[in-house]
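Each ligand, and each atom within it, is numbered from 1 in the order the structure gives.
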Amino acid sequence: GLNLRGRSFLTLKDFSSAEIYYLLDLAADLKRKKRSGISGQLLKDKNIVLLFEKSSTRTRCSFEVAAYDEGANVTNLTNSQLGKKETVEDTARVLGRFYDGIEFRGFKQKDVETLAAESGVPVWNGLTDAYHPTQVLADLMTIRENTTKSLNSIKLVYAGDARNNMGNSLLIAAAKLGMEFVALAPKSLWPDPKLIAEMQQLAKKTQAKITLTEDLAEVKGADVIYTDVWVSMGEEDHFAERIELLKKYQVNQQLINSTQNKAVIFLHCLPSFHDNKTIIGSKIEQEFGIKEMEVTDTVFNGQHSRVFEEAENRMHTIKAVIVATLGS
Ligand code: CP
Ligand code: NVA
């Protein structure tokens, strides 16, 4: 059988489709176990550390609760020397001697790779500028729970900034699993051409279909409409430009209707700009006169939305990743 013990989880590129399905099945088992109130000890006596250079609600809490549920101890390391007085390499060498696993969220993909190379323990990518692989596991789990189709016959349309970590990671998952992936975005925000070429190559083997388009009509037949913020963490000076480029691709009721699929589901990794009730949301309204960005409040809270199930599934899938790579 499959054995992921000792492996890092840095990008889905490193995982075969069988390994991805293994993690999804394990997550479903762990979810059932938690629902029936059975407490676990799969991570008993393990110590894990969480490093966040960027903000987080879901990812941080998922790692903590997942670890606690299975008996591990967690350090949420804030205010470390990393990046200020100490290099990533030296930090990795130190943490690897204390901990059984390391979660990292930050800017550079290179940094999470260095942590993995130098620490000698499994490292989990909790989001970088390039990828957000644990998020995609939760997305795939949510799709599986909400359709009777198998993943390789799902059409997923990603509308918005397809060049960000989510666009990249969903493209990789689709190519690996033989899904139909549509990046619905202005050409300047299509995924990196190198990544596209690599995934097109893979798609030949997996029967995946990858489409990059500016044509809204391509949503027809979608099983999943996915979007993410137009401005990712670290890009906060790009609001004006992104709103201009992306307003046409907002996920609103009209776009949902254009799928002509009554069973279509809406997913979003969250957090999302669907209202003006946040500090940034109210600033956006003042400056640009819009209350909603990548998704309207109606769709976000509407009958097709599965965003909170998806958020819950972050915990179950992250638990699967930790258990598979560290568990006994
Ligand atoms: N989706 C996600 O990663 O959420 P957080 O930024 O809150 O962790
Ligand atoms: N693309 C977003 C995802 C947040 C979970 C960001 O990087 O900010």
Short side-chain to backbone donor-acceptor contact, Asn146 and Thr142, under 3.5 Å: yes
Exercise: do Asn164 and Asn168 side chains pair donor with acceptor under 3.5 Å: no
Leu270: numbered ligand 2 atoms lying under 4.0 Å from its heavy atoms: 5 (C)
Nearest-neighbour protein heavy atom for atom 7 (O) of ligand 1, which is reported as residue plus atom name and distance: Thr57 N, 2.7 Å
Atom 7 (O) of ligand 2: the protein heavy-atom neighbour that sits closest, reported with distance to 0.1 Å: Asn165 ND2, 2.8 Å
N/O separation below 3.5 Å, Asp228 to ligand 2: yes
Proximal atoms of ligand 2 relative to Leu127 (non-hydrogen, under 4.0 Å): 3 (C), 4 (C), 5 (C), 7 (O)
Nearest neighbour in protein (non-hydrogen) for atom 2 (C) of ligand 1: Arg314 NH1, 3.1 Å
Protein heavy atom at shortest distance from atom 8 (O) of ligand 2: Met233 N, 2.8 Å
Options Arg58, Arg60, Met233, Arg105, ranked by nearest heavy atom to atom 6 (O) of ligand 1, top entry: Arg105
Glu241 atom CD: more than 12 heavy-atom contacts under 6.0 Å: yes
SB check Arg7 Glu19 (cutoff 4.0 Å): yes
Under 3.5 Å: N/O of Leu127 near N/O of ligand 1: no
Lys291 NZ: over 12 foreign heavy atoms closer than 6.0 Å: no
Phe300 and Phe308 aromatic centres sub-6.0 Å: yes
Whether over 12 other heavy atoms sit under 6.0 Å from Phe98 CZ: no
Ligand 1 contact on Lys54 by region, counting heavy-atom pairs under 4.0 Å: neither
